[in-house]
Protein chains: 2
Amino acid sequence: MTDIKSDIPRTGGDQAGAGPPAPDASAWGEEALRQGIEMLFFAYRDFTAEPDAILAEHGYGRAHHRVVYFVGRHPGLTVSDLLGMLKITKQSLARVLGQLVQDGLVVSRAGIRDRRQRLLELTGRGIELERRLTERQRTRFAQAFGHAGPDAVEGFRTVMLGLIDEDARQRFEGQDS
Amino acid sequence: MTDIKSDIPRTGGDQAGAGPPAPDASAWGEEALRQGIEMLFFAYRDFTAEPDAILAEHGYGRAHHRVVYFVGRHPGLTVSDLLGMLKITKQSLARVLGQLVQDGLVVSRAGIRDRRQRLLELTGRGIELERRLTERQRTRFAQAFGHAGPDAVEGFRTVMLGLIDEDARQRFEGQDS
DNA sequence: GCATATATGTCAATATGACTGACATAAAAT
DNA sequence: ATTTTATGTCAGTCATATTGACATATATGC
């Protein structure tokens, strides 16, 4: 198999006198880039598999996890906010959100400043399900982070931010090193 | 907003005399772990959006991309191999693979040592589509890697490998630092 | 106050990706 | 010769997402 290391630019390994490389110069070979693509695919695939199994017990799908996750993470979130995060249509959201409200996992109350808005929150049962679902994922990250160490985690965060579109990236700003 | 940095253990920042921390000790706080979860979600969401738009022009979906990607990456791949990578059922694969074969993007020939096997390969048109689709993703990684630098990329790779299940992780082995 | 814009909800039709279960065929392995 | 393996296929179902149209309540601008 191809040796990936030969594909990875070393720090300070620039050709002499080649001038300052552009910060996003693509000195990265095909192999390194494809490995990145594949790691993202496999990580996402494996990362979603465990919660999916729990969700299935409740007759829910991955979309339900996403909703309880973000509502739990940002209590008082509006429907618009949620749509913006998930980047799906309101009709798609309506099905899962409606189920969760009807099943008593999410409550929506009218906004105070703007009564057209629906501010979303988890109920106790919603919190419980969210924690059960996300616990596996937190554990996975805790192990990966713990094994990799703080410097690797900082590198991970930097690369991930670079992969995310500008607007979503701002959610993580003010928290860089 | 919560300051993530307070959540990130610093190298050598252990309490004095606390003994050696386990390599995967969860010194990581809730906030850091949730940010990891969210980064993975947003990165995957944005990373798939561009190819999806191209695929739609051809009447294809994300599943078609995955098939042409892995067939292109591993020419001569068997149907079993592909099922193992995608972790979907053969009935799910049959629909997309059948379309791609019929549309002349993928060819399958009988195996030599084992004639039950179907060895998959891209045709010229398959290669062309695969490159068009993956080009956006390679560019995205090239920019993220280039901006982050080699050390950050190495950290990214380490963390990502830690997130991936053991069996799939082996695909990337022999290429660590 | 009236017109318009915004936030949300809802009905209908459709596409895509996935599943389970059952059965078929050809070729390898024992 | 029997069994196992690799693949294909038919049928039904479910979850997620889409576009398009329309409805309602509330906020905002004039």
Side-chain angles (χ1 to χ4, degrees), chain A residues 41 44-45 48-49 51-71 76-103 106-120 133, chain B residues 41 44-45 48-49 51-71 76-103 106-120 133:
Chain A
F41 170 74
Y44 193 79
R45 183 198 65 175
T48 48
D52 282 358
I54 299 173
L55 287 158
E57 296 168 15
H58 295 254
Y60 291 149
R62 197 174 291 180
H64 299 84
H65 186 186
R66 298 202 275 250
V67 169
V68 295
Y69 181 89
F70 283 115
V71 171
L77 191 81
T78 69
V79 171
S80 279
D81 292 338
L82 194 46
L83 288 174
M85 285 189 190
L86 301 176
K87 285 198 185 164
I88 59 174
T89 59
K90 65 178 173 178
Q91 295 92 327
S92 287
L93 176 59
R95 180 181 54 91
V96 289
L97 181 55
Q99 278 180 282
L100 292 168
V101 169
Q102 216 168 357
D103 294 352
V106 172
V107 285
S108 88
R109 55 179 212 280
I112 307 167
R113 291 183 314 190
D114 186 339
R115 288 197 329 217
R116 292 170 303 180
Q117 292 181 329
R118 293 289 173 267
L119 308 186
L120 306 172
L133 291 172
Chain B
F41 170 73
Y44 193 79
R45 183 199 64 173
T48 49
D52 282 358
I54 298 173
L55 287 157
E57 297 169 14
H58 296 254
Y60 291 149
R62 198 174 291 179
H64 298 85
H65 186 185
R66 298 202 274 251
V67 170
V68 294
Y69 181 89
F70 283 114
V71 172
L77 191 81
T78 69
V79 170
S80 278
D81 292 339
L82 194 46
L83 288 174
M85 285 190 190
L86 301 176
K87 285 196 187 165
I88 59 175
T89 59
K90 63 179 174 177
Q91 296 92 326
S92 288
L93 176 59
R95 182 180 54 92
V96 290
L97 182 55
Q99 278 180 281
L100 292 169
V101 169
Q102 217 168 358
D103 295 353
V106 172
V107 285
S108 87
R109 56 179 210 282
I112 307 167
R113 291 184 312 191
D114 186 338
R115 286 195 333 214
R116 291 172 302 180
Q117 294 182 328
R118 294 289 173 266
L119 308 185
L120 306 171
L133 291 171

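The figures here come from the full heavy-atom set of this structure, side chains too, leaving out hydrogens, waters and symmetry mates. Order of the sequence lines fixes the chain letters, A, B, ..., with proteins taken first and strands second; residue numbering starts at 1 for each chain.
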Inset, instruction - Classify every nucleotide of nucleotides 11-20 of chain C by which part a protein heavy atom approaches to under 4.0 Å, writing B for the base, S for the sugar-phosphate alone and - for neither, in 5'-to-3' order. - result: B----SBBBB
Once rounded to the nearest 0.5 Å, what's the spacing between atom [atom1] of [X] and atom [atom2] of [Y]?
{"X": "A/I88", "Y": "A/L93", "atom1": "CD1", "atom2": "CG", "result": "5.0 Å"}
{"X": "A/L133", "Y": "A/L55", "atom1": "CG", "atom2": "CG", "result": "4.5 Å"}
{"X": "B/Q99", "Y": "B/H64", "atom1": "CD", "atom2": "NE2", "result": "3.5 Å"}
{"X": "B/L97", "Y": "B/K90", "atom1": "CG", "atom2": "NZ", "result": "13.5 Å"}
{"X": "A/F41", "Y": "B/M85", "atom1": "CZ", "atom2": "CE", "result": "9.5 Å"}

Legend entry - Length of the line joining A/R109:CZ and C/dT8:P, which is rounded to integer Å: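 Spelled out: CZ on A/R109 to P on C/dT8 is 13 Å.
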Inset, instruction - In whole angstrom, give the distance that lies between atom CG of A/L97 and atom P of C/dT8. - result: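 Distance check: A/L97 CG to C/dT8 P gives 11 Å.
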Inset, instruction - Answer whether the closest heavy-atom distance between the side chains of B/L83 and B/T89 falls below 4.5 Å. - result: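 Not touching, per the 4.5 Å side-chain cut-off.
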What pairs of nitrogen or oxygen atoms, one from the protein and one from nucleotides 26-30 of chain C, lie under 3.5 Å apart?
residue	atom	partner	partner atom	Å
C/dA28	OP1	B/R115	N	3.3

Legend entry - Contact interval (first through last nucleotide) of DNA chain D with protein chain B, 4.0 Å heavy-atom: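 It runs D/dT5 to D/dC10.
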Legend entry - Main-chain N/O of A/L100 paired with A/D103 side-chain donor or acceptor, under 3.5 Å: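 A pair under 3.5 Å: no.
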Inset, instruction - Without swapping roles, check the side chain of A/D114 against the backbone of A/G111 for a donor-acceptor pair under 3.5 Å. - result: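 No; judged by distance alone, with no hydrogens or angles, the pair does not exist.
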Inset, instruction - Specify whether B/Y69 and B/H65 have parallel, tilted or perpendicular ring planes, treating 30° as the upper limit for parallel and 60° as the lower limit for perpendicular. - result: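 Ring orientation of B/Y69 relative to B/H65: perpendicular.
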